[in-house]
J.: 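First, the structure itself, so that you have it in front of you.
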There are 2 protein chains.
Amino acid sequence: MTATVETQPPLDETARAILDAASRRFLHYGYGKTTMSEIAGDCNMSTGNLYRYFPSKLDIAEAFVRRLRAEQTRLLREAVGKAGLSVQEKLRAFFKLKLTLVYERFHKRPKAYELSQEIMNERPSFADEWERAESRVLCEVLNAAAATGDLAVCDAPRTARILQDIFYRFASSSVYYEGEFDLLESELDDVLDLIWDGFEHRKSASAP
Amino acid sequence: MTATVETQPPLDETARAILDAASRRFLHYGYGKTTMSEIAGDCNMSTGNLYRYFPSKLDIAEAFVRRLRAEQTRLLREAVGKAGLSVQEKLRAFFKLKLTLVYERFHKRPKAYELSQEIMNERPSFADEWERAESRVLCEVLNAAAATGDLAVCDAPRTARILQDIFYRFASSSVYYEGEFDLLESELDDVLDLIWDGFEHRKSASAP
DNA sequence: GCGGTGAACGCTTTATAAAGCATTCAGTTC
DNA sequence: GAACTGAATGCTTTATAAAGCGTTCACCGC
């Protein structure tokens with residue numbers, strides 16, 4: 001059983017202290033401007049000792065991003081878990097929240113955004129892992145809807161993947177500039193409407 | 001009337017010689033490794049004279065990319081113009097060709113790809129212009145289909161925009177690595193199938 | 001032996017100087 | 001006077017040296 005975004009091996013107390021100290025510095029000064037000596041100093045220990053808890057500086061950064069992402073996954077899962085939502089509302093909630101989270105991270109926590117991007121480039125497998133975690137949330141929604149007959153989905157993982165492709169733009173850096181959020185949001189709505197009509201068509205075609 | 005990707009003011013003979021010389025160097029060595037002296041030398045003229053035909057080096061590069069893009073637009077238009085194609089086939093041809101063109105440019109003409117990216121970053125308005133040019137091609141397809149009743153489209157530009165959003169992933173740098181082309185192509189197919197079902201649903205809803 | 005240290009190593013980033021380049025313009029040619 | 005030149009200008013890139021940093025490891029205290 002490998003570790004995933006959701007199921008992390010719990011951290012040693014010392015390891016957590018290191019991660020906390022590093023996180024503060026990463027958020028304020030960024031990855032590059034944070035040194036191992038500083039992190040060690042914050043924890044009242046030597047640099048050498050850091051390596052007893054993390055293999056490298058980049059691994060500390062990965063642990064940091066892993067926390068961010070776990071929190072984000074939790075929020076997404078919470079958004080689609082609200083009682084009384086239709087499938088359509090769940091999908092809309094999912095992708096709107098994702099757009100909002102990316103947008104906010106970019107504009108309000110730029111250091112966290114940069115670090116996240118850097119890790120994704122440096123560790124492609126981590127990016128995959130994260131994409132799979134989101135896919136799992138989507139699959140739960142899709143499978144639940146398929147079970148109640150609200151949706152005609154034969155291959156949930158594949159469908160989730162297709163949805164991720166479709167909404168890729170709304171989770172990428174086209175989100176850069178200020179003042180475009182409302183525009184993106186309304187386009188996202190229109191995209192979802194079209195997708196939804198596609199699902200409706202499939203439902204009436206498969207069970208007329 | 002402003003110049004667009006399609007309607008370029010025809011170039012002076014000297015200007016064309018400059019652009020041709022610059023293009024050769026851009027393609028072989030890239031933008032940064034090409035100097036104005038070299039371009040001038042290739043044309044048997046002085047550096048100063050280049051500025052009688054182009055305001056700056058970047059403008060030569062823009063003219064170069066403009067050519068590339070005009071050719072690409074021509075190919076896209078040709079693809080959707082083939083006789084006997086249904087709307088669905090036209091849309092599929094359009095986005096598949098676009099995926100192929102981006103992929104090929106990236107892998108087979110990396111210098112051209114880089115230069116294209118650089119211009120898009122340096123001149124956002126050029127990127128907009130290009131997006132509008134593609135939108136126009138899509139709108140022609142959509143409007144023609146709406147006229148024959150093959151498609152229920154009330155706002156063609158908006159719909160074109162939505163389609164561009166949806167297929168954004170297939171025209172961006174997720175296309176980086178080798179061997180993923182077939183995978184992307186099959187995902188593109190699935191996306192188009194879903195979109196198509198959406199259009200079908202709208203047609204039957206608007207004219208039952 | 002477990003938790004911890006800090007000097008030593010080699011790579012990377014930065015500071016600084018040198019070189020190269022895009023751009024300009026007074027002047028030349030025809 | 002329209003087409004063109006090439007040396008002068010100042011900004012940008014590169015080459016090089018110096019400083020800084022991540023990482024290791026032989027060595028302590030308990």
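The shown structure was predicted, so the numbers you read here are calculated from the model rather than taken from an experiment. Within every chain, numbering begins at 1; the chains are lettered A, B, ... in the order of the sequence lines, protein sequences first and strands thereafter.
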J.: Of A:E38 and B:R52, whose closest DNA chain D nucleotide lies nearer the 5' terminus?
T.: B:R52

J.: Do B:Q72 and B:R105 pair up side chain to side chain, a donor and an acceptor below 3.5 Å, judged on atom types alone?
T.: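 Side-chain D/A pair, B:Q72 to B:R105: present.
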
J.: Is it the case that B:K57 places NZ or CZ above or below the six-membered ring of B:Y51, under 6.0 angstrom from the centre and within 45 degrees of the axis?
T.: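 The answer is no, since B:K57 fails at least one limit relative to B:Y51.
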
J.: Mind calculating the distance between CD1 (B:I18) and C1' (C:dA22) to the nearest angstrom?
T.: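 Answer to the nearest Å: 15 Å.
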
J.: At under 4.0 Å, does any side-chain N or O of A:Y53 touch on OP1 or OP2 of C:dG4?
T.: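 Yes, within the criterion.
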
J.: Round to the nearest Å and state the distance from B:L50 atom CG to D:dG6 atom P.
T.: 13 Å

J.: By nearest atom, which of the nucleotides D:dT5, C:dA22, D:dG22 is closest to the B:S46 side chain?
T.: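 Between D:dT5, C:dA22, D:dG22, the one nearest the side chain of B:S46 would be D:dT5.
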
J.: Given C:dG6, D:dC4, D:dG22, which nucleotide is nearest the side-chain atoms of A:T47?
T.: C:dG6

J.: Taking NZ from B:K33 and C1' from C:dA19, how many angstroms apart are they, rounded to a whole number?
T.: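 So the two atoms are 14 Å apart, to the nearest Å.
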
J.: Rounded to the nearest angstrom, tell me the gap between atom CE in B:M45 and atom P in D:dT5.
T.: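 One finds 7 Å between P of D:dT5 and CE of B:M45, rounded.
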
J.: Taking atom C1' of C:dT29 as reference, at what distance in whole Å does atom CG of B:N49 sit?
T.: 13 Å

J.: Calculate the interatomic distance between A:M36 atom CE and C:dT12 atom P; express it in whole Å.
T.: 16 Å

J.: Can you classify the ring geometry of B:F167 versus B:F95 as parallel (below 30°), tilted (30 to 60°) or perpendicular (above 60°)?
T.: parallel

J.: Tell me the interatomic distance from B:I60, atom CD1, to C:dA22, atom P, rounded to whole angstroms.
T.: 10 Å

J.: Could you tell me the separation between the OH atom of A:Y31 and the C1' atom of C:dT12, rounded to a whole number of Å?
T.: 12 Å

J.: Please check if the side chain of B:E114 supplies one atom and the backbone of B:K111 the other of a donor-acceptor pair under 3.5 Å.
T.: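 No, B:E114 side chain to B:K111 backbone: no donor-acceptor pair under 3.5 Å.
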
